[in-house]
Colleague: 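One structure coming up, written as structure tokens, with questions to follow.
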Amino acid sequence: MTTPTPEAQSEFLRAMTERGFMHQCTDFAALDAKAVREPVTAYIGFDCTADSLHVGSLVQIMMLRWLQKTGHKPIVLMGGGTTKIGDPSGKDEARQLITVEQIQQNMAGIRSVFEKFLTFGDGPTDAVMVDNAEWLDELKYIPLLRDVGRHFSVNRMLTMDSVKTRLERDQPLSFLEFNYMILQAYDFAELARRHGCALQMGGSDQWGNIVMGADLARRMDGSEAYGLTTPLITTSGGAKMGKTAAGAIWLNEDRLSAYDYWQFWRNTGDDDVGRFLRLFTDMDLAEIARLEALDGAELNEAKKILATAATAMAHGQAAAAAAAETARQAFELGSQEADLPTADAPRDQLEAGVPAFVALNLAGLVKSNGEGRRLIKGGGARVNDKPITADDQTISLKDAGPNGAIKLSAGKKRHVLLRAV
RNA sequence: GGAGGGGUGUCCGAGUGGUUAAAGGAGACGGGCUGUAAACCCGUUGGCGUAGCCUACGUUGGUUCGAAUCCAACCCCCUCCA
């Protein structure tokens with residue numbers, strides 16, 4: 001591994017270093033030279049444990065995007081095969097195995113996310129998506145691991161005399177207990193063969209796996225193989241990115257609305273604005289430097305720009321502009337006309353009037369009536385921007401504005417228009 | 001295969017017969033201060049139209065007036081030995 005140097009010659013590595021993507025690289029200078037000389041094919045693997053990706057993977061996605069933008073070819077490797085085993089790194093307990101059908105479904109969901117960020121096709125720098133089940137399944141290795149391998153505890157195997165002595169004598173220990181590593185490494189070798197892939201990228205937690213892969217590709221076929229990792233991106237508060245109230249910040253619309261996605265970025269901490277602009281937008285570095293230098297409350301302008309740019313990438317320009325406008329109306333004008341998220345409630349119920357805590361529940365702002373009551377007691381609930389003081393205060397169609405909807409709020413940031421149907 | 005330890009709410013983690021809807025912490029939500037930020041302070045944090053009732057401490061049974069707590073069987077995890 002070589003220390004990344006700021007004076008990269010290739011456009012790709014220059015972007016990586018300057019924008020803060022670079023953490024470790026197996027051979028920075030050689031990779032840099034290669035990237036200057038010719039288009040490099042590189043891949044990042046994604047597992048299929050969920051049907052969408054969230055902000056935690058965004059650094060990786062953006063890295064592929066830059067790769068493509070700077071004239072190289074990205075491969076998105078879906079871990080259809082490896083997901084059947086589960087990555088042990090960073091996990092303190094074994095994960096539940098998920099079904100093959102589930103994996104297929106998840107893969108389809110993830111594919112739709114990527115189409116927003118990369119250009120797919122058959123051209124020399126078009127992105128391609130491949131599934132490692134294509135080659136791993138043929139090995140007939142996975143059925144064995146699923147059925148038999150799960151019953152063996154590595155912890156225990158390591159304590160066995162035969163193994164222990166080998167470790168103590170510093171002799172190589174191969175195979176069964178390192179299945180995931182082996183299969184992942186095999187991916188690199190296979191991609192090098194099939195697609196001429198020369199670079200694997202990933203988060204710093206994947207460093208071990210990536211180095212193994214590059215090694216294997218080199219040994220098996222003498223392929224030119226490099227690895228590169230990004231730093232773990234946390235907020236300045238030290239928290240992992242992408243976890244909030246509702247859980248993860250998903251990248252697709254049906255898991256998280258464009259408006260909420262916009263809000264996520266809008267609420268970026270002061271200290272993170274510059275870093276996030278570099279990582280998560282395509283914006284020019286000079287412009288970012290200017291925005292980052294803004295002081296105090298002015299920094300809010302930079303956050304809005306960040307939010308709109310990031311949202312445009314995941315949800316499209318129009319959705320981003322709409323989210324920004326909705327936010328402006330809701331926060332800066334306090335208007336009810338805003339295009340806020342809506343919820344439906346039966347007309348007869350609303351006509352008769354329901355207690356406020358039930359209305360909050362209907363609007364989806366709280367998960368139970370009890371939570372609604374608590375919210376009201378805590379002073380966080382409002383109808384049409386007026387605080388609700390008693391939890392049995394009646395909400396009915398009389399509270400509806402000119403557009404026929406009742407605006408309910410939980411706290412300052414969460415608003416819903418309740419409509420009768 | 002043998003011996004021991006353990007499975008508690010979103011998570012971590014106390015709790016070894018009753019006043020335990022279950023300490024404490026984290027997280028989350030709400031309020032205050034602000035700039036829709038951070039930090040800090042305060043409150044809330046199973047469900048039910050709140051009255052008491054219901055549901056909850058791996059699963060299923062049992063003992064008891066009463067069980068997260070005792071017993072049995074089963075499932076899962078861990079540690080040590082072979």
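Chain identifiers are assigned alphabetically (A, B, ...) following the order of the sequence lines, protein sequences preceding nucleic acid strands; residue numbering begins at 1 within each chain.
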Colleague: Check each of E292(A), E287(A), E18(A) against R278(A) using the salt bridge (Lys or Arg N to Asp or Glu O under 4.0 Å) test, and report the only one that passes.
Modeller: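 Option passing the salt bridge (Lys or Arg N to Asp or Glu O under 4.0 Å) with R278(A): E292(A).
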Colleague: Any strand is fair game: report the nucleotide pairing with G1(B) by Watson-Crick or G-U wobble, both distances under 3.5 Å, or none.
Modeller: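 When the pairing criteria are applied, C81(B) turns out to be the nucleotide that pairs with G1(B).
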Colleague: Are W265(A) and T311(A) linked by a side-chain donor-acceptor pair shorter than 3.5 Å?
Modeller: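 Result is no, nothing qualifies.
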Colleague: Tell me: NZ of K367(A) to C1' of U44(B), nearest whole Å?
Modeller: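 Roughly 13 Å, once rounded to whole Å.
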Colleague: Provide the distance between the two C1' atoms, one in G13(B) and one in U20(B), to the nearest whole Å.
Modeller: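 Nearest-Å result for G13(B) against U20(B) at atom C1': 16 Å.
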Colleague: In whole angstrom, give me the gap between the C1' atoms of C57(B) and A21(B).
Modeller: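 These two C1' atoms come out 11 Å apart once rounded.
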Colleague: Which listed nucleotide (C48(B), G49(B), G30(B)) is nearest to the side chain of N361(A)?
Modeller: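 Minimum distance to the N361(A) side chain belongs to C48(B).
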Colleague: Closer than 4.0 angstrom, basic N to acidic O: yes or no for K303(A) and D270(A)?
Modeller: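 The answer is yes: the pair qualifies as a salt bridge.
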Colleague: With both distances under 3.5 angstrom, what nucleotide forms a Watson-Crick or G-U wobble pair with U45(B)?
Modeller: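 Paired with U45(B), as far as the under-3.5 Å criterion goes, is G27(B).
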Colleague: Do the side-chain N or O atoms of K412(A) get closer than 4.0 angstrom to the phosphate oxygens (OP1, OP2) of C33(B)?
Modeller: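 K412(A) to C33(B) OP1/OP2: no side-chain N or O under 4.0 Å.
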Colleague: Counting only heavy atoms not in D295(A), do more than 12 sit closer than 6.0 Å to its CG atom?
Modeller: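 Open: at most 12 neighbouring heavy atoms sit under 6.0 Å from CG of D295(A).
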Colleague: Hey, does E115(A) have a side-chain heavy atom less than 4.5 Å from the side chain of F120(A)?
Modeller: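 F120(A) reaches E115(A) side chain to side chain.
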Colleague: Think T268(A) has a side-chain N or O under 4.0 angstrom from the OP1 or OP2 of A37(B)?
Modeller: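 No, T268(A) has no side-chain N/O under 4.0 Å of OP1/OP2 on A37(B).
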Colleague: Would you measure the distance from the C1' atom in G61(B) across to the matching atom in G18(B) and give it in whole Å?
Modeller: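 It comes out at 23 Å once rounded to the nearest Å.
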Colleague: For G411(A) and G296(A), find the nucleotide of RNA chain B closest to each by heavy atoms; which residue's nucleotide sits nearer the 5' end?
Modeller: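 With G411(A) and G296(A) compared, the 5'-side residue is G411(A).
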Colleague: Between W262(A) (CH2) and A37(B) (C1'), how many Å, whole number?
Modeller: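 Going from CH2 in W262(A) over to C1' in A37(B) covers 13 Å.
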Colleague: Atom CD of Q263(A) and atom P of C29(B): how far apart are they, to the nearest Å?
Modeller: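 After rounding, the reported distance stands at 13 Å.
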Colleague: What integer number of Å spans the P atoms of U69(B) and U63(B)?
Modeller: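 Their P atoms lie roughly 15 Å apart.
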Colleague: Rounded to the Å, how far apart are L375(A) CG and G43(B) C1'?
Modeller: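 Rounded to whole Å, this separation is 12 Å.
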Colleague: Describe the nucleic acid contact of A410(A) in one word from base, sugar-phosphate, nothing, applying a heavy-atom distance below 4.0 Å.
Modeller: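 Here A410(A) touches the backbone only, sparing every base.
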Colleague: Which of the following nucleotides, G35(B), G49(B), U36(B), is nearest to the side chain of R373(A)?
Modeller: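 Comparing G35(B), G49(B), U36(B) against the side chain of R373(A), the answer is G49(B).
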Colleague: A38(B) and C29(B): how far apart are their P atoms, nearest whole angstrom?
Modeller: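 These two P atoms come out 10 Å apart once rounded.
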Colleague: Mind calculating the distance between CG (L360(A)) and P (C29(B)) to the nearest angstrom?
Modeller: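 Those two atoms, CG and P, are 16 Å apart.
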Colleague: Given G46(B), is OP1 or OP2 found less than 4.0 Å from the side-chain N or O atoms of S368(A)?
Modeller: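 For G46(B), neither OP1 nor OP2 has a side-chain N or O of S368(A) closer than 4.0 Å.
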Colleague: Applying a 3.5 Å limit to both distances, which nucleotide forms a Watson-Crick or G-U wobble pair with C40(B)?
Modeller: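 Across any shown strand, C40(B) pairs with G32(B).
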Colleague: When you check the phosphate oxygens OP1 and OP2 of G49(B), does a side-chain N or O of N369(A) lie under 4.0 Å from one of them?
Modeller: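 Checking N369(A) against G49(B): at least one side-chain N or O falls below 4.0 Å of OP1 or OP2.
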Colleague: Specify the separation, in whole Å, of atom CG of D391(A) and atom P of C48(B).
Modeller: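 Distance, rounded to whole Å: 13 Å.
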Colleague: Both conditions, 6.0 Å and 45 degrees, for the charged tip of R65(A) above the ring of F117(A): are they met here?
Modeller: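 Checked: cation-pi criterion not met.
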Colleague: Might you point out which heavy atoms bring D131(A) and M107(A) nearest each other, and give the distance in Å?
Modeller: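 Of all heavy-atom pairs spanning D131(A) and M107(A), the closest is OD2-CE, 3.3 Å.
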Colleague: Please test Q24(A) against S204(A) for side-chain hydrogen bond (donor to acceptor under 3.5 Å, both in side chains), starting from the C-alpha separation and ending with a verdict.
Modeller: CA-CA 8 Å; Q24(A) 294 159 298; S204(A) 56; 5.7 Å; no
Colleague: When you compare C78(B) with A51(B), how far apart are their C1' atoms, in angstrom units rounded to a whole number?
Modeller: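 So the two C1' atoms sit 46 Å from each other.
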Colleague: Please pick, from U36(B), G49(B), G30(B), the nucleotide with the shortest atom-to-atom distance to any side-chain atom of F331(A).
Modeller: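 My answer, after comparing the listed nucleotides, is U36(B).
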Colleague: Kindly point out which of U36(B), C48(B), G35(B) is positioned nearest to the side chain of D270(A)?
Modeller: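 Nearest to the side chain of D270(A) among the choices is G35(B).
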Colleague: With the side chain of R414(A) defined as its heavy atoms from C-beta on, choose the nearest nucleotide among G30(B), U36(B), G49(B).
Modeller: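 The listed nucleotide nearest to R414(A)'s side chain is G30(B).
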Colleague: Taking CZ from R328(A) and P from U36(B), how many angstroms apart are they, rounded to a whole number?
Modeller: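 Distance check: R328(A) CZ to U36(B) P gives 15 Å.
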Colleague: Between A67(B) and C54(B), how far is it from one P atom to the other, in whole Å?
Modeller: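 The answer is 13 Å between these two P atoms.
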Colleague: Pick base, sugar-phosphate or nothing for K377(A), based on heavy-atom distances below 4.0 Å to the nucleic acid.
Modeller: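 The residue K377(A) makes no contact with any strand.
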Colleague: Which part of the nucleic acid does G370(A) contact within heavy-atom distance under 4.0 Å: base, sugar-phosphate only, or nothing?
Modeller: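 Base contact - G370(A) has a heavy atom under 4.0 Å of at least one base atom.
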Colleague: With P as the reference atom in both, quote the distance from A68(B) to G58(B) in angstrom, rounded to an integer.
Modeller: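 Straight-line distance between the two P atoms is 10 Å.
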Colleague: Could you tell me the Watson-Crick or G-U partner of G61(B), where both distances fall under 3.5 Å? Say none if there is no partner.
Modeller: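 G61(B) is paired with C71(B).
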Colleague: CG of D295(A) versus C1' of A37(B): gap in Å, rounded?
Modeller: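 Those two atoms, CG and C1', are 14 Å apart.
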Colleague: Reading RNA chain B from 5' onward, which residue's closest nucleotide shows up sooner: R382(A) or K413(A)?
Modeller: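 Taking each residue's closest nucleotide, the earlier one in sequence belongs to R382(A).
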Colleague: OP1 or OP2 of G47(B) versus the side-chain N and O atoms of R374(A): is any pair under 4.0 Å?
Modeller: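 Yes, because at least one side-chain N or O of R374(A) sits under 4.0 Å from OP1 or OP2 of G47(B).
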